[in-house]
Protein chains: 2
Amino acid sequence: MNTSKKILIADDEQDILEILQFNLEAEGYLVATAKNGEVAIEIAKSFAPDLIILDIMMPGKNGMDVCKQLRSIDTFKNTLIIFLTAIKDESNEIKGLETGADDYLTKPIRPKVLISKINSLFRRMLPEKNPATQFGNLFIDREKYSVRLNNTDVVLARKEFELLSLLASKPGKVFLRNEILQKIWGTEVIVGDRTIDVHIRKIRQKLNLDCITTVKGVGYKFEG
Amino acid sequence: MNTSKKILIADDEQDILEILQFNLEAEGYLVATAKNGEVAIEIAKSFAPDLIILDIMMPGKNGMDVCKQLRSIDTFKNTLIIFLTAIKDESNEIKGLETGADDYLTKPIRPKVLISKINSLFRRMLPEKNPATQFGNLFIDREKYSVRLNNTDVVLARKEFELLSLLASKPGKVFLRNEILQKIWGTEVIVGDRTIDVHIRKIRQKLNLDCITTVKGVGYKFEG
DNA sequence: TTTTCACTTAACAATTTGATAATATTAATA
DNA sequence: TATTAATATTATCAAATTGTTAAGTGAAAA
């Protein structure tokens with residue numbers, strides 16, 4: 001699930017490249033570097049980064065040119081792009097954002113700010129990806145509210161879906177009955193214990209798959 | 001569909017509020033203001049802004065507290081939040097982003113930078129809707145406001161079109177009733193639940209095509 | 001003004017869902 | 001093995017949810 005994010009850095013200053021690479025890798029990111037704009041575009045195509053950090057001032061093709069060119073390629077229409085600039089020049093900042101960059105950073109670089117900013121950008125991007133999970137040939141798609149087993153849709157009622165979805169959110173983890181009640185029924189509503197059983201039963205019946213295990217005296221768990 | 005974006009600004013300095021309000025309104029945004037954190041939260045609940053600009057330094061509840069509190073409310077889980085700070089303090093910047101803000105701006109405020117940044121944030125948030133989409137032999141053209149099925153024009157009323165268009169913008173995704181009300185009717189207007197059903201009914205009737213599925217207790221989804 | 005149209009609502013029908021009770025079954029333990 | 005506590009199963013019914021039709025409303029067009 002958690003493959004690390006890929007970041008491409010383009011800067012003509014070797015120092016900057018190293019500082020950024022070091023800090024980003026320490027954070028768990030996969031980093032590629034390019035020492036000018038032309039190389040950056042080439043690497044971007046094969047490396048397919050999730051984020052590109054572009055120095056604005058580079059010999060040859062500068063950061064904004066690179067950005068424009070990247071944005072014209074479908075693959076990079078939605079890639080995050082951050083500009084790096086020493087110039088505290090307002091007009092440049094503006095141009096940057098209007099060229100299609102997502103943010104900019106000013107030199108000197110403060111690693112902690114950089115990391116925070118990047119984490120923050122990624123966090124914001126997260127909800128875009130499919131909140132779907134797969135176990136063997138069982139697909140659970142929370143957005144579509146759908147469950148597919150062996151390429152066949154299985155229709156689950158809301159509570160059933162929520163229950164399965166909850167259990168499958170942490171395969172292997174045993175959810176206590178209280179926990180389940182709390183998370184699916186909330187604190188307001190009070191229902192008997194048998195209610196959970198009945199829903200579990202229906203899920204098992206509909207899926208006809210042995211993926212929910214009873215842990216007697218404790219709760220239930222999903223096993224992929 | 002949704003008209004202009006709504007922005008809420010919270011700052012204790014009247015000057016700042018006015019400058020921001022003036023510039024943002026000139027850009028076509030709808031602006032609400034709050035002169036402290038508590039008021040901001042109250043207004044946010046009724047105004048339902050797309051973006052919230054929070055001054056960090058405010059008497060009483062400061063910007064970060066407000067941010068945390070807002071983020072704990074479902075409605076604001078994904079609302080854009082920008083911090084405003086006079087302090088060029090690195091640790092503050094970091095805290096800001098890690099509290100769940102999406103960006104920060106330092107005072108003094110440079111209106112053009114601000115506008116650029118905001119436009120940029122919104123641009124990124126756009127669900128990137130294609131002007132026209134096709135599913136089988138059903139064409140939906142958002143620009144022309146027209147629907148063609150089997151090479152015959154189907155005339156849909158505005159609300160019907162918007163509803164179909166919304167559902168079709170993410171085939172498969174289940175749109176909650178609240179979500180639909182929010183996006184098509186906005187937060188101002190309050191209409192009954194049957195209203196949605198009736199529109200759905202008319203679409204189904206006019207298209208005479210089984211492309212909208214009901215997910216009981218949840219919402220509706222379009223399936224291409 | 002009258003007509004038309006989009007939109008909303010009310011009222012009721014149809015359907016689905018979820019909770020419970022009652023009973024059966026299972027697993028742990030004395 | 002007998003006992004017991006916990007869970008599984010089943011059928012049933014009330015409540016929740018949606019579908020449908022017809023009628024009301026207000027604004028724009030004729």
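We name chains A, B, ... by the order of the sequence lines, and we start the count at 1 in each one. Everything numeric here is computed off the predicted structure, so don't read it as measured data.
Taking only side-chain atoms of V198(B), from C-beta outward, the nucleotide of dA10(C), dA8(D), dG19(D) with the closest atom is dA10(C). The side chain of V191(B) lies closest to dT8(C), out of dG18(C), dT8(C), dT7(D). In the set dT17(C), dA19(C), dA8(D), dA8(D) carries the atom at the smallest distance from any side-chain atom of R204(A). Ranking dA27(C), dT15(C), dT20(D) by closeness to the K216(A) side chain, first place goes to dA27(C). Side-chain atoms of K159(A) lie closest to dA19(C) of the nucleotides dT18(D), dA19(C), dA8(D). Here the side chain of H199(B) is nearest to one of dT7(D), dA11(C), dT8(C), namely dT8(C). Relative to the side chain of Y220(A), the nucleotides dT8(C), dG19(D), dT7(D) differ in distance, and dT7(D) lies closest.
Not one N or O on the side chain of Q69(A) forms a donor-acceptor pair closer than 3.5 Å with the backbone of V66(A). Side-chain atoms of E27(B) do not come within 3.5 Å of backbone N or O of L24(B) as any donor-acceptor pair. With N137(A) contributing its side chain and L149(A) its backbone, the two residues share no donor-acceptor pair below 3.5 Å.
Side chain to side chain, T213(B) and E223(B) meet the donor-acceptor criterion of an N or O pair below 3.5 Å.
Within the 4.0 Å cut-off from OP1 or OP2 of dG18(C), not a single side-chain nitrogen or oxygen of T195(A) is found. At the phosphate of dG19(D), OP1 or OP2 sits under 4.0 Å from a side-chain N or O atom of T214(B). For dA19(C), the OP1/OP2 oxygens have a side-chain nitrogen or oxygen of W185(A) closer than 4.0 Å.
Two residues, L156(A) and L156(B), neighbour DNA chain C, and the one matched to the more 5' nucleotide by heavy-atom proximity is L156(B). Mapping K202(A) and G219(A) onto DNA chain D by nearest heavy atom places G219(A) closer to the 5' end of the strand. Taking for each of Q205(B) and V218(B) the nucleotide of DNA chain D with the nearest heavy atom, the 5'-most of the two is the partner of V218(B).
Following rounding to the nearest Å, I212(B) (CD1) and dT18(D) (C1') show an atom-to-atom distance of 14 Å. Put simply, CD1 on I180(A) is 10 Å from P on dT7(D), counting in whole angstrom units. Following rounding to the nearest Å, E160(A) (CD) and dA19(C) (C1') show an atom-to-atom distance of 13 Å. Between the CZ atom of R177(B) and the C1' atom of dT18(D) there is a distance of 7 Å, given to the nearest Å. Distance CZ (R158(A)) to C1' (dT17(D)): 9 Å, rounded to an integer number of Å. For the pair I203(A) CD1 and dT9(D) P, the computed distance is 13 Å after rounding to whole Å. Rounded to an integer number of Å, the gap from L163(A) CG to dA19(C) P is 11 Å. Rounded to whole Å, atom C1' of dA6(C) lies 13 Å from atom OH of Y145(B).
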(message) Working note: L80(A) + F122(A), criterion side-chain contact (heavy atoms from CB on, under 4.5 Å); need CA distance, chi angles, decisive distance, verdict.
(response) CA-CA 9 Å; L80(A) 290 170; F122(A) 277 132; 3.8 Å; yes
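With F47(B) as the aromatic partner, K6(B) meets the cation-pi criteria of under 6.0 angstrom to the ring centre and within 45 degrees of the ring axis.
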